[in-house]
Asks: 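If you scroll down you'll find the structure; I have some questions about it.
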Amino acid sequence: MSALEFPAMPQRSLVEGKGHSVTLGEGVTFDPKVEWTVRGTKNTLEIGEGANLGRTRIIMRGRNLRVVIGRNVRFKQGAISVAGDGSTVVFGDDTTWESGSIIVSSGESIAIGRDCMFSNDIMIRNDDSHGIFDASTQQRINAPRPVVIEDHVWIGNGARVNKGAVLGSGMVLAQASVLSGKAEPRAVYAGIPARPLRTNVNWSRTPDYGDIPDEFAVSDFLDEPLRP
């Protein structure tokens, strides 16, 4: 369905170019101040059923760009900027985001898994936007790279996730930390640069262990979910 034909588009929408596709699932809701801009050719925006967008800006400029927001995602405030050709942002189902920015370009991707929890003032980006070059060879040494955030990851207030980062399922990135490399699953990372502080952890959105979804409440010693 063409974005220009969709009856539930936010008032603050700008669609220019041709071949774009915007799909909204059943029960999608958004704040009156939601804005999205789609410019270029054959760009795709998919928002899954039950998703809620607060004061959100989605900016797509280029060709064959893709933004996918899964079912029941809550994006409270912030910006998603996708540029270049073939760049992609994906949010898995049931993920929540308080505020911050996601920036992807250069045909790369930022992939976010299911049931992730992002606090305020988060920054995730796959590129430095400016070049750093080897003075002898004139070759760029800070090339863009994809970012992968696996399922059930918690990122604290003010944290930064840089190009090439891989965050393992179930891990926690502490507030004000900066992660550029690989973080192991079910571990707590903190600092600048982020380093592991503790392994073999589970986390819940509440103080109650029983509120951890069964599929993520695991133990190193058992093959089945662990319950007290």
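Count residues from 1 along the sequence.
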Asks: Going by heavy atoms in the side chains, are Thr96 and Phe75 under 4.5 Å from each other?
Replies: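 A side-chain contact under 4.5 Å is absent here.
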Asks: Return the CG to CD1 distance between Leu167 and Ile112, rounded to the nearest 0.5 Å.
Replies: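 If I round to the nearest 0.5 Å, the distance is 10.0 Å.
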Asks: Please identify which of these residues, Val178, Leu173, Ile122, meets the side-chain contact (heavy atoms from CB on, under 4.5 Å) condition with Arg160.
Replies: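 Of the listed options, the one satisfying the test is Val178.
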Asks: State, to 0.1 Å, how close Asn162 and Ser180 come at their nearest heavy-atom pair, and which atoms those are.
Replies: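 It is ND2-OG, 3.0 Å.
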Asks: Are Ile59 and Ile69 co-members of a hydrophobic cluster defined by side-chain heavy atoms under 4.5 Å apart?
Replies: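 No, Ile69 does not connect to Ile59 through the hydrophobic network.
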Asks: Please list all pairs passing the ring pair (Phe, Tyr, Trp, His ring centres under 6.0 Å) test where one or both residues lie in residues 113-161, with sequence neighbours left out.
Replies: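 Qualifying pairs, neighbours excluded: Trp97-Phe118, His152-Trp203, His152-Phe216, Trp154-Trp203.
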Asks: Answer with yes or no whether the hydrophobic clustering places Leu45 together with Val28; edges join I, L, V, M, F, W, Y residues whose side-chain heavy atoms lie under 4.5 Å apart.
Replies: yes
Asks: What's the spacing between Arg66 CZ and Lys42 NZ if we round to 0.5 Å?
Replies: 15.5 Å
Asks: Measuring from Gln77:CD to Ser101:OG, what's the distance to the nearest 0.5 Å?
Replies: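 These two atoms lie 10.0 Å from each other.
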Asks: Would a 4.5 Å heavy-atom cut-off, applied to side chains only, mark Ile102 and Ser81 as touching?
Replies: no
Asks: Does any N or O in the side chain of Asn157 come within less than 3.5 Å of the main-chain N or O of Ala176, such that one atom is a donor and the other an acceptor?
Replies: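 Judged by distance alone, no pair lies under 3.5 Å.
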Asks: Using the rule that two of Ile, Leu, Val, Met, Phe, Trp, Tyr join whenever any of their side-chain heavy atoms come within less than 4.5 Å, decide whether Val172 and Ile155 are in one cluster.
Replies: no
Asks: With the side chain counted from C-beta on, respond yes when Ile124 and Val147 share a heavy-atom pair under 4.5 Å apart, and no when they do not.
Replies: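 Yes, close enough: below the 4.5 Å cut-off.
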Asks: If you compare all heavy atoms of Asp127 against all heavy atoms of Pro144, which two are closest, and at what distance to 0.1 Å?
Replies: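 Result for this residue pair: CG-CB, 3.7 Å.
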Asks: CE of Met171 to SG of Cys116: how many Å apart, nearest 0.5 Å?
Replies: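 The CE atom of Met171 sits 10.5 Å away from the SG atom of Cys116.
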Asks: For a 4.5 angstrom cut-off between non-hydrogen side-chain atoms, does Asn202 reach Ser204?
Replies: no
Asks: State, with a plain yes or no, whether a side-chain heavy atom of Arg195 is found less than 4.5 Å away from one of Pro193.
Replies: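 Yes; the side chains approach each other to less than 4.5 Å.
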Asks: When you compare the side chain of Tyr189 with that of Glu184, does any pair of heavy atoms fall below 4.5 Å?
Replies: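 Of all side-chain heavy-atom pairs linking Tyr189 with Glu184, at least one is under 4.5 Å.
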Asks: Please check if the number of heavy atoms outside Glu16 that lie under 6.0 Å from its CD is greater than 12.
Replies: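 It does: Glu16 CD has more than 12 such atoms within range.
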Asks: Decide, yes or no, whether a salt bridge links Glu108 with Lys163 under the criterion of side-chain N to carboxylate O below 4.0 Å.
Replies: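 Looking at Lys163 together with Glu108, the answer is no, because their closest N to O distance does not fall below 4.0 Å.
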Asks: Thr29 vs Asn52, test: side-chain hydrogen bond (donor to acceptor under 3.5 Å, both in side chains). Steps then yes/no.
Replies: CA-CA 5 Å; Thr29 56; Asn52 175 260; 2.7 Å; yes
Asks: Please tell me whether Arg186 and Asn200 have a donor and an acceptor in their side chains that are separated by less than 3.5 angstrom.
Replies: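 Per modelled atom types, Arg186 and Asn200 side chains form a pair under 3.5 Å.
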Asks: Hydrophobic clusters here meaning ILVMFWY residues chained together by side-chain heavy-atom distances under 4.5 Å, can you tell me if Met117 and Val201 are in one?
Replies: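 Linked within one cluster.
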Asks: For a 4.5 angstrom cut-off between non-hydrogen side-chain atoms, does Asp94 reach Val73?
Replies: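 When only atoms from C-beta onward are counted, Val73 and Asp94 do not touch, as no gap falls below 4.5 Å.
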Asks: Evaluate salt bridge (Lys or Arg N to Asp or Glu O under 4.0 Å) for Arg63 paired with Asp85, printing each intermediate quantity in order.
Replies: CA-CA 5 Å; Arg63 295 182 299 176; Asp85 295 341; 2.9 Å; yes
Asks: Would you compute the distance between atom CD1 of Ile47 and atom CG of Leu53 and round it to the nearest 0.5 angstrom?
Replies: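 One gets 5.0 Å once the value is rounded to the nearest 0.5 Å.
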Asks: What's the verdict on salt bridge (Lys or Arg N to Asp or Glu O under 4.0 Å) for Arg74 and Glu98, showing C-alpha distance, side-chain angles and the deciding distance?
Replies: CA-CA 8 Å; Arg74 188 190 74 210; Glu98 292 299 311; 2.5 Å; yes
Asks: Is there a donor in the side chain of Ser99 and an acceptor in the side chain of Asp121, or the other way round, less than 3.5 Å apart?
Replies: no
Asks: In Å and rounded to the nearest 0.5 Å, what is the CZ to CZ distance from Arg61 to Arg39?
Replies: 5.0 Å
Asks: Please check this pair: side chain of Ser119 against backbone of Gly156, looking for a donor-acceptor N/O pair closer than 3.5 Å.
Replies: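 No, Ser119 side chain to Gly156 backbone: no donor-acceptor pair under 3.5 Å.
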Asks: Side chains of Pro146 and Asn126, heavy atoms from C-beta outward: is any pair under 4.5 Å?
Replies: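 The answer is no; the side chains never approach within 4.5 Å.
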Asks: Please check this pair: side chain of Ser169 against backbone of Asp151, looking for a donor-acceptor N/O pair closer than 3.5 Å.
Replies: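 Side chain of Ser169 to backbone of Asp151: a pair is present.
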Asks: Is a side-chain N or O of Ser106 found less than 3.5 angstrom from the main chain of Gly84, in a donor-acceptor match?
Replies: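 Judged by distance alone, no pair lies under 3.5 Å.
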Asks: Is Glu215 paired with Arg114 through a side-chain N to carboxylate O contact shorter than 4.0 Å?
Replies: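 Salt bridge between Arg114 and Glu215, a charged N being under 4.0 Å from a carboxylate O: yes.
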Asks: Going by atom types only, do Arg140 and Asn142 share a side-chain donor-acceptor pair under 3.5 Å?
Replies: yes
Asks: Are Met60 and Ile103 joined in one hydrophobic group, where the rule is that I, L, V, M, F, W and Y side chains link up if heavy atoms are under 4.5 Å apart?
Replies: no
Asks: Among side-chain atoms of Ser105 and Arg125, is any donor-acceptor pair under 3.5 angstrom?
Replies: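 On atom types as modelled, these side chains do not qualify, holding no pair under 3.5 Å.
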Asks: Start with the C-alpha gap between Asp211 and Thr206, add the side-chain angles, then the distance that decides, and say whether side-chain hydrogen bond (donor to acceptor under 3.5 Å, both in side chains) holds.
Replies: CA-CA 7 Å; Asp211 288 336; Thr206 76; 2.5 Å; yes
